[in-house]
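Everything on this sheet refers to the single structure shown next.
We're numbering straight along the sequence, starting at 1.
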Amino acid sequence: MKAVAVFPKGREVKVIDAPEPRLRSPTQVRVRTLEVGVCGTDKEVVQFKHGEPPQGEDHLILGHECLGEVVEVGEQVKGLAPGDLVVPRVRRPCPVRECTPCQAGYSDFCVTGKYTERGIQGAHGFAAELFLEDAQWLHKVPHALRGVAVLTEPLTIAEKALREVAHVQSRMPWTRKDSGRAVVLGAGPVGLLGAMALMRAGFQTTMYSRSPKPNPKAELSESLGVPYVSSKENKVEALVRQRGRADVVYEAAGVASAAFALMPGLAPNGVFILTGVPGSQEEELDEGELMKQLVMKNQVVLGTVNAAAEDFEAAVKDLEGFGKKWPGGLERIITARHPPEAYAEVVLGDKSSAIKDVIVFSPG
């Protein structure tokens with residue numbers, strides 16, 4: 001079968017002919033890959049900055065954002081049948097019994113770092129015509145979401161973040177009359193989906209991103225009812241004057257300098273969510289001023305990575321709701337679809353589009 005793989009030792013990324021997988025367990029499911037989304041993590045793997053093949057192998061099949069169709073189920077699988085659409089989770093728990101989060105089913109909070117991640121760390125991904133997965137890691141998707149369900153995994157980032165914000169803000173011994181204000185930093189796919197989730201949660205949301213208007217991301221943001229403010233044209237002070245301080249900042253840019261520059265825009269008692277993983281950068285930071293702000297304003301800086309089962313379920317539910325609230329909005333996030341042969345060029349930017357690129361394995 002056709003698959004896209006990276007060979008770290010040879011520093012190659014190419015389409016390979018891989019063996020077709022066959023069921024090996026009564027709880028496994030064989031899935032036909034329909035679409036695979038690409039993101040910044042894939043770029044790091046393709047640039048050999050991150051990622052690792054399975055033990056004993058010289059290559060890693062790529063892809064972790066996936067939509068597939070069930071083609072065969074093991075005899076003990078319940079709730080899934082051939083023809084069902086599914087999205088797989090990415091991370092698998094570490095084998096360390098003392099790792100309480102993994103043992104409790106929350107490998108997104110793993111404390112050992114010995115987890116595996118499909119298409120990223122120690123386990124083959126979904127950029128292949130077929131893949132095997134244990135049924136416990138698959139989430140069923142309504143057929144009505146066929147055109148946008150590949151966005152499920154990137155949406156889970158916001159779902160987990162909002163779930164954590166709710167826990168963090170329960171520290172407040174009073175009930176707010178409204179959700180408050182939110183600012184999303186970065187108008188890429190994660191930022192746009194995060195803005196939708198924040199709007200759904202009741203936040204008065206603003207998009208803060210570098211490129212001046214007009215641009216496709218700004219147009220899409222404002223079509224969702226989320227005002228777009230260019231950070232190139234408006235410093236944080238101007239953003240605060242226009243939109244007020246944010247009770248929640250959702251960072252989705254992966255640029256440390258931009259994130260820390262926005263810290264003064266956080267309201268008292270606010271939560272600043274970090275989702276991006278920047279490369280090594282030398283940044284000027286006034287540590288004392290930042291520490292003073294966090295202490296004096298009772299603020300929380302929250303880092304979040306990966307997602308749990310309930311976040312995938314919430315994402316599927318929200319995709320349905322977003323489609324009704326903003327008809328055509330999700331479809332506009334996916335700005336180009338490409339064949340597997342174009343994977344490397346798309347991920348590295350040579351053929352990337354305005355917002356979100358998707359690799360198609362089975363059209364239809």
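Evaluation of the side-chain hydrogen bond (donor to acceptor under 3.5 Å, both in side chains) test over residues 187-201, restricted to residues two or more places apart or in two chains, returns Glu159-Arg200, Arg200-Asp318.
Residues His124 and Pro54 have side chains in contact (heavy-atom distance under 4.5 Å, counting atoms from C-beta outward). By the 4.5 Å heavy-atom criterion applied to side chains, Phe131 and Arg118 are counted as neighbours. The closest side-chain heavy-atom distance from Val316 to Leu155 is not below 4.5 Å. When side chains are defined from C-beta on, Cys66 does not count as touching Val31, because their heavy atoms never get closer than 4.5 Å. Looking at heavy atoms from C-beta onward, Gln103 lies out of side-chain contact with Val96 at the 4.5 angstrom threshold. Proximity of Tyr228 to Glu219: side-chain heavy atoms (C-beta onward) are nowhere separated by under 4.5 Å. The shortest side-chain heavy-atom distance between Thr27 and Gln136 does not fall under the 4.5 Å cut-off.
For Arg22 and Glu72, the salt-bridge test fails: no basic side-chain N is under 4.0 Å from an acidic carboxylate O. The pair Lys351-Glu345 meets the salt-bridge criterion, with a side-chain N (NZ, NE, NH1 or NH2) lying under 4.0 Å from an Asp/Glu carboxylate O. Taking 4.0 Å as the cut-off between side-chain N and carboxylate O, Arg337 and Glu35 count as a salt-bridged pair. Look at Lys2 and Glu129 and you find no salt bridge, because none of the NZ, NE, NH1 or NH2 atoms lies under 4.0 Å from a carboxylate O.
Screening Arg163, Lys160, Arg89 against Asp311 for a side-chain hydrogen bond (donor to acceptor under 3.5 Å, both in side chains) leaves a single residue, Arg163.
Taking a 6.0 Å sphere around CD of Gln55, one finds it holds 12 or fewer heavy atoms contributed by other residues, nucleotides or ligands. Counted within 6.0 Å of NZ on Lys297, heavy atoms from surrounding residues, nucleotides or ligands total more than 12; the atom is thus considered enclosed.
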